[in-house]
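Within every chain, numbering begins at 1; the chains are lettered A, B, ... in the order of the sequence lines, protein sequences first and strands thereafter.
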There are 2 protein chains.
Amino acid sequence: MTKARTHVLEAITQAKEPVSARQLCEKFQSDYDPATIYRALHYLEGKDRLDSFILHCSEHGTERYYVLRSNEHRHWFHCERCHRFTDLGLCRFDDLVAQMSAEKGLAITSHTFYATGICPECRQKI
Amino acid sequence: MTKARTHVLEAITQAKEPVSARQLCEKFQSDYDPATIYRALHYLEGKDRLDSFILHCSEHGTERYYVLRSNEHRHWFHCERCHRFTDLGLCRFDDLVAQMSAEKGLAITSHTFYATGICPECRQKI
DNA sequence: TTTTAACTTGCGAATCACTTGCAAATTACG
DNA sequence: CGTAATTTGCAAGTGATTCGCAAGTTAAAA
Ligand SMILES: [Mn+2]
Ligand SMILES: [Mn+2]
Ligand SMILES: [Zn+2]
Ligand SMILES: [Zn+2]
């Protein structure tokens, strides 16, 4: 683990919500080149230390977000007003996914889920 | 409905799986400019005639895929070998989504789900 | 410890999927 | 028709991400 990779992994570990490559590039803009950040993310995802998903929001456009990988994966809610994520807890879709997989004879190796809307804090402010 | 918009909507109606903007640009490359295709897609999605989701695959990169919108939305499986979609049927996540929404006090207005892996046809070929 | 091979990084250019400005072409409508 | 509103093509612009390559580091061999 090089210094750049360690720093990227630490930043994602400390963040309590998914972090985009762009956010990491901003955070480390005086330390590492964006190409290095992107390469570190690929490296870490290849080593199964990170999971990622792509999400589009009006404010930030289409970006890939990264979270620590653990055995028990979780899903996220994205607020369309404040653009923060809320943890939806551990995945509860395993049974349904297994059911769909069986029905169609598919070998499902992964799934992506996220919800969007307005978070409680933003709803209050309306 | 202009001619371009009609043609785009027809193409998506006839396709029995999600269609990417790029596929439509290729299909209509002698008829319409890509900008027109993209604008037609935005128009149709704004008029609630289309739904879309973003998916990344190794072969085609990150693209937005479009399907006809109906009251009952459905979810899709994407084969990482042949890059075709399989219909997973109508959404079965409503209860779980309502549950997550209630637990966190979120106003969930939409969710995205898709699964990836290998389809039966491709599995046979191995 | 020097030698050498392997890997990592920064920088600049390139890609790729869109998006936008603007003038020309269509369409809507009084 | 005659004019206003909308749509389209073309070319240029964006923004996220990727790539080539030479320089910097690290690791392994001798
Ligand atoms: Mn899950
Ligand atoms: Mn659903
Ligand atoms: Zn919010
Ligand atoms: Zn397949």
Side-chain angles (χ1 to χ4, degrees), chain A residues 1-12 15 17-67 78 80 83 85 112 114 116, chain B residues 1-12 15 17-67 78 83 85 112 114:
Chain A
M1 287 279 287
T2 67
K3 218 168 55 163
R5 291 167 181 172
T6 305
H7 285 159
V8 167
L9 187 55
E10 277 174 6
I12 295 170
E17 54 182 279
V19 186
S20 71
R22 189 186 46 77
Q23 288 175 306
L24 292 165
C25 289
E26 279 172 17
K27 180 181 178 73
F28 292 117
Q29 74 186 44
S30 54
D31 306 303
Y32 304 111
D33 188 87
T36 302
I37 305 281
Y38 281 100
R39 287 192 275 233
L41 290 168
H42 292 158
Y43 173 87
L44 292 165
E45 194 164 23
K47 295 288 186 195
D48 294 338
R49 305 295 299 275
L50 297 180
D51 278 325
S52 73
F53 59 93
I54 290 173
L55 180 145
H56 175 97
C57 87
S58 54
E59 182 148 329
H60 303 102
T62 303
E63 293 186 309
R64 189 175 284 272
Y65 291 83
Y66 292 86
V67 292
H78 183 75
E80 282 163 349
H83 304 283
F85 286 91
T112 298
Y114 57 80
T116 59
Chain B
M1 287 277 289
T2 66
K3 217 168 56 161
R5 290 167 181 172
T6 305
H7 284 159
V8 167
L9 187 55
E10 277 174 6
I12 295 170
E17 54 181 280
V19 186
S20 71
R22 188 185 47 75
Q23 289 175 305
L24 292 165
C25 289
E26 280 172 16
K27 179 182 179 73
F28 292 117
Q29 75 188 51
S30 54
D31 306 303
Y32 303 111
D33 189 87
T36 302
I37 305 282
Y38 280 102
R39 286 192 275 232
L41 291 168
H42 292 158
Y43 173 86
L44 293 166
E45 194 165 23
K47 296 287 185 193
D48 295 337
R49 306 293 301 273
L50 297 180
D51 278 324
S52 74
F53 59 92
I54 291 173
L55 180 146
H56 176 97
C57 86
S58 55
E59 182 148 329
H60 304 102
T62 302
E63 294 186 307
R64 188 175 285 271
Y65 292 82
Y66 293 85
V67 293
H78 183 74
H83 303 284
F85 286 91
T112 299
Y114 56 80

Handout entry: Whole-Å gap separating P (dC10(D)) and CD (Gln29(B))
Key = 13 Å
Completion exercise
When Arg39(B) and Ile54(A) are each assigned the nearest nucleotide of DNA chain D, the 5'-most assignment goes to Arg39(B)
Practice task
Decide if atom CZ of Arg64(A) counts as having more than 12 heavy atoms of other residues, nucleotides or ligands within a radius under 6.0 Å.
Solution key: yes
Problem - Any Tyr38(B) side-chain nitrogen or oxygen under 4.0 Å from OP1 or OP2 of dT19(C) - result: no
Problem - Side-chain touch Leu50(A)/Leu9(A), heavy atoms, less than 4.5 angstrom - result: yes
Problem - Nearest to side-chain heavy atoms of Thr36(A), which nucleotide of dT9(C), dC10(D), dC11(C) - result: dT9(C)
Exercise for the section: Please state whether the rings of Tyr65(B) and Phe53(B) are parallel, tilted or perpendicular, taking 30° and 60° as the class boundaries. Expected result: parallel
Problem - OP1 or OP2 of dT18(D) under 4.0 Å from side-chain N/O of His42(A) - result: yes
Problem - Terminal axes of the helix from dT1(C)-dA30(D) to dG30(C)-dC1(D) (five pairs each): angle between them, nearest 10 degrees - result: 20°
Exercise for the section: Provide, to the nearest angstrom, the distance between the CG atom belonging to Asp33(B) and the C1' atom belonging to dT20(C). Expected result: 12 Å
Practice task
Identify, between Lys3(A) and Pro34(B), the residue whose nearest nucleotide on DNA chain C lies closer to the 5' end.
Solution key: Lys3(A)
Handout entry: Length of the OH-C1' vector between Tyr32(A) and dG10(C), whole Å
Key = 13 Å
Handout entry: Heavy-atom closest contact (Thr36(A) atom, Ala4(A) atom, distance)
Key = CG2-CB, 3.8 Å
Exercise for the section: Find the distance Arg22(A):CZ to dA16(D):P and express it as a whole number of Å. Expected result: 6 Å
Exercise for the section: Might you work through the side chain to side chain contact (heavy atoms under 4.5 Å, CB included) test for Phe85(B) and Val67(B), ending with a clear yes or no? Expected result: CA-CA 12 Å; Phe85(B) 286 91; Val67(B) 293; over 6 Å; no
Handout entry: For atom NE2 of His60(B) and atom C1' of dT18(D), their distance in whole Å
Key = 18 Å
Exercise for the section: Round to a whole Å and report the spacing from CG of Leu24(B) to C1' of dT8(D). Expected result: 17 Å
Exercise for the section: Check the distance between dT6(D)'s C1' and Met1(B)'s CE and give it to me in whole angstrom. Expected result: 15 Å
Problem - Atom-pair distance (CD on Glu63(B); P on dG15(D)), nearest Å - result: 21 Å
Exercise for the section: Return no unless some side-chain N or O of Arg5(B) is found under 4.0 Å from OP1 or OP2 of dT7(D). Expected result: yes
Exercise for the section: For the pair Ile12(B) and Leu41(B), evaluate side chain to side chain contact (heavy atoms under 4.5 Å, CB included) and give the outcome as yes or no after the intermediate values. Expected result: CA-CA 10 Å; Ile12(B) 295 170; Leu41(B) 291 168; 3.8 Å; yes
Practice task
Respond yes when some side-chain nitrogen or oxygen of Thr2(A) is under 4.0 Å from OP1 or OP2 of dT9(C), and no when none is.
Solution key: yes
Practice task
Check the angle between the aromatic planes of His83(B) and His60(B) and answer parallel, tilted or perpendicular using the 30° and 60° thresholds.
Solution key: perpendicular
